[in-house]
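Working notes, beginning with the structure itself.
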Amino acid sequence: MQRPNPDFSLKETAPHLGGGGLTGDKLTSTYDLVEQMQYLYVRVVKAKDLPGKDATGCCDPYVEVKLGNYKGMTRHFEKRSNPEWNQVFAFSKERIQSSVIEVLVKDKDLVKDDIIGRVMFDLNDVPKRVPPDSPLAPQWYRLEDRKSDKVRGELMLAVWMGTQADEAFPEAWHSDAATVGGEGVTNIRSKVYLSPKLWYLRVNVIEAQDLLVTDKTRFPEVYVKAVLGNQALRTKISQSRNINPMWNEDMMFVAAEPFEEHLVLSVEDRVAPNKDEVLGKCVIPLQNVARRLDHKPVLTKWFNLEKHILVDGEKKKDNKFASRLHLRICLDGGYHVLDESTHYSSDLRPTAKPLWKQSIGVLELGILTANGLLPMKTKDGRGTTDAYCVAKYGQKWIRTRTIIDCPTPKWNEQYTWEVFDPCTVITIGVFDNCHLQGGDKSVGAKDSRIGKVRIRLSTLETDRVYTHSYPLLVLQPSGLKKMGEIQLAVRFTCSSLLNMMHIYSQPLLPKMHYLHPLSVTQLENLRHQACQIVSIRLSRAEPPLRKEVVEYMLDVDSHMWSMRRSRANFFRIMGVLSSLVAVVKWFSQICNWKNPLTTVLIHILFIILVLYPELILPTIFLYLFLIGVWYFRWRPRNPPHMDTRLSHAENVHPDELDEEFDTFPTSRPSDMVRMRYDRLRSVAGRIQTVVGDLATQGERFQSLLSWRDPRASTLFITFCLIAAIVLYVTPFRVVALLTGFYVLRHPRFRHKLPSAPLNFFRRLPARTDSMI
């Protein structure tokens, strides 16, 4: 394989974090992972006793804050002499080109806005405020005219110099938005979002009773259809073809709090092909559904079915209808509702909060800057980029403010997440904002992808600050393209090392996934529904986190067929098997006396092990322990990143890219080719997943001694040392006897939950984090 392009590699940086202060110092206690940025803040609170400028003696006041070439304006009020705005304006100190700030109170007019009065400030006299100092109290200022004479009216203001750690920063109007007007201003602010709380809704349809069938001369073919929002499932046709059909089938849905949709169940009879008759319906509000935290079954319940009949063209309820439907329905809180790809999960907790365990630490992310961003759109005949970042971990999403028309944006925003499991991944994406101007110009526009970064927490050393520049790579139909670089600062702080080590022996998913497992097909369908619900909810926030952004962060299209990914997974397996091939070659060299000294030593070792078989297992574990200690010198020091060589993205064939970016179903003209092509892609996609899973298992074996996860490697080599000592002092026959009895133990002594070694193995990192 060719050497990777150095432009696609990870680079360590040395930013000036926290303004140069010490960690824990008052100046850097909250924003010590980003470079300190100075801002001039102006809080416009309210005004009083404003004179009228119109013929009616009233005024429509608003405030304009002017600093050099930058202007920020509040909203205006109609016919109000005592308006209240309570808006904050932030001007970056780097872009200040004037020594005086002017605050003008104006009267909105159709032709030309009249100036009611103004307040002037010299920047040299503006006080500095350092968080967490108390907020600066606003004061009343008498308005002046152009000649500095006092006029009628007063304005309440507060002006101070601060940093991005100020509590006024997130909701402030920024000078970066000076060219944005109208609704676009709200689209540039930073924002924290929370994913809706998702539940699995289990509906067990047992039977129906006393159905009223229209045509009594035939055996009814009855099934139950369940609808929740845009999710629809149905049972099979009941084998007992009478008025008391039975099914005993489970249906699973995804529901989100607050429960806005009701579950609608309808019993239908297939009277003819493509013709079904509704025998009855019932509507169940999810607020009334029982919530289950374990595997114990909930009580069943009979629900009355309602039937609507047509009277003069209008539907009316038939009160004489007495059919019933027998259900067992519950909200399963013991599962974790998957909305991300299982390889890149950022949260593994069950839905029900009483089942959550104590957090083990804190993840802090500093989003510093981006460099060399490519133009993503054309404005006024030139290329431009309005970039913002989105990060997702657990239920918390964050969005930085949008930096307008800048290929090297500086965000310097810091965010924090609670960590409940170290074997999780944080995802950071960079996008171009296409919704700044609002109105018809933004209809149908989508925020463009600039790139994405994934970081697995278990690959980070605790309490260490990682500062790196990550390449932003996007695979396009024309090939792999570098869109720029993003600089991040990451720190994973552990609150209890013992608790974190204990987690490595726990099941990866909640117990319900093992006691009552869901099928792979079910999980895929439910994950698709969960992604749709999350994207719809977040797109309704203000400012919205749009569907294309959420789907890109959640890897919605990761299951699609790709010849490039299949080839990459094949070579991953070959890389795992290469170690075994190397051992076979080495043993072949021993047998062929390529190195006589080594061969003689192996003969001596073989004779010792034959004469003293109790040394075999201690020797193996001691050897593994020594290898682990030896590899500690070459342990990875940087977090994993997108590996273009591993992903086979640099030299991919154009025809394969055309296939990867083809629509599904395919856009080929022939119907026969479309059918065969889609079938091939569907089957090959499953094979691709299986091959990737096999490669993942092999890479987890390799990571035992690679120090990719320092805590897991520590646990393993410690176990090897202890095992070597225990097996040395324990007779081999006793070990063999106990092992045989354990393997052949009675099913009564077997647990449905995975064992601690298996849980430990499933938590080991693989190279899936580095796949594009």
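Contact of the Lys482 side chain with the Leu472 side chain is not registered, since no non-hydrogen atoms from C-beta on lie closer than 4.5 Å.
The backbone N or O of Thr427 lies less than 3.5 Å from no partner atom in the side chain of Arg454, so there is not a single donor-acceptor pair. When atom types are taken as modelled, the side chain of Thr74 and the backbone of Val63 share a donor-acceptor pair closer than 3.5 angstrom. Panel note: side chain Ser535, backbone Val550; no donor-acceptor pair is recorded below 3.5 Å. Of the possible donor and acceptor atoms, one in the side chain of Ser713 sits under 3.5 Å from a partner among the backbone N and O of Trp707. Although no hydrogens or angles enter the test, the distance criterion places a donor-acceptor pair under 3.5 Å between the side chain of Arg527 and the main chain of Glu340. In this structure, the side chain of Thr493 does not engage the main chain of Asp463 through any donor-acceptor pair within 3.5 Å. Although no hydrogens or angles enter the test, the distance criterion places a donor-acceptor pair under 3.5 Å between the side chain of Thr459 and the main chain of Arg456. Put simply, the side chain of Ser359 never gets that close to the backbone of Glu418: no donor and acceptor are under 3.5 Å apart.
Side-chain atoms of Thr163 and Gln36 form no donor-acceptor pair, as typed in the model, at a separation below 3.5 Å. No side-chain donor from either of Thr369 and Trp411 sits under 3.5 Å from a side-chain acceptor of the other. Side-chain contact check for Asp447 and His435: at least one donor-acceptor pair (N or O, by modelled atom type) lies under 3.5 Å. Side-chain contact of Lys392 with Ser346: a donor-acceptor pair under 3.5 Å is present, judged by distance alone. Under 3.5 Å, the side chains of Asn69 and Gln97 contain a donor-acceptor pair of N or O atoms. Between the side chains of Gln506 and Arg763, no donor N or O sits under 3.5 Å from an acceptor N or O.
Separating the CG atom in Leu545 from the OG atom in Ser539 is a distance of 8.5 Å, to the nearest 0.5 Å. Here the straight-line distance linking atom OG1 of Thr696 with atom CD of Glu699 works out to 6.0 Å at 0.5 Å rounding. In this structure, OH on Tyr41 lies 13.0 Å from CH2 on Trp173, to the nearest 0.5 angstrom.
Atom NZ of Lys377 is surrounded by more than 12 heavy atoms from other residues, nucleotides or ligands within 6.0 Å.
Each of Thr385, Asp386, Thr402 was compared with Asn433 under the side-chain hydrogen bond (donor to acceptor under 3.5 Å, both in side chains) criterion, and only Thr402 meets it. Partner of Ser458 under the side-chain contact (heavy atoms from CB on, under 4.5 Å) criterion, out of Val425, Thr424, Asp709, Ile503: Asp709 alone.
A cation-pi arrangement is present between Arg464 and Tyr466, with the terminal nitrogen or guanidinium carbon under 6.0 Å from the aromatic centre and inside a 45° cone about the axis. Seen from the ring of Tyr552, Lys452 counts as a face-on cation partner, given the 6.0 Å and 45° thresholds.
A centroid separation of less than 6.0 Å is found between the aromatic rings of Tyr141 and Phe121. Aromatic pair Phe701/Phe761: centroids less than 6.0 angstrom apart. Between Phe169 and His174, a ring centre-to-centre spacing shorter than 6.0 Å is recorded.
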For a quick test of your reading: what N or O donor-acceptor pairs under 3.5 Å do the side chains of residues 629-642 make, sequence neighbours left out?
residue	atom	partner	partner atom	Å
Arg635	NH1	Phe632	O	3.0
Arg637	NH1	Glu461	OE2	2.6
Asn638	OD1	His468	NE2	2.8

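Under a 4.0 Å N-O distance rule, the pair Asp405/Arg382 qualifies as a salt bridge. Ion pairing of Glu167 with Arg129 is present here, as a side-chain N (NZ or NE/NH1/NH2) and a carboxylate O approach within less than 4.0 Å.
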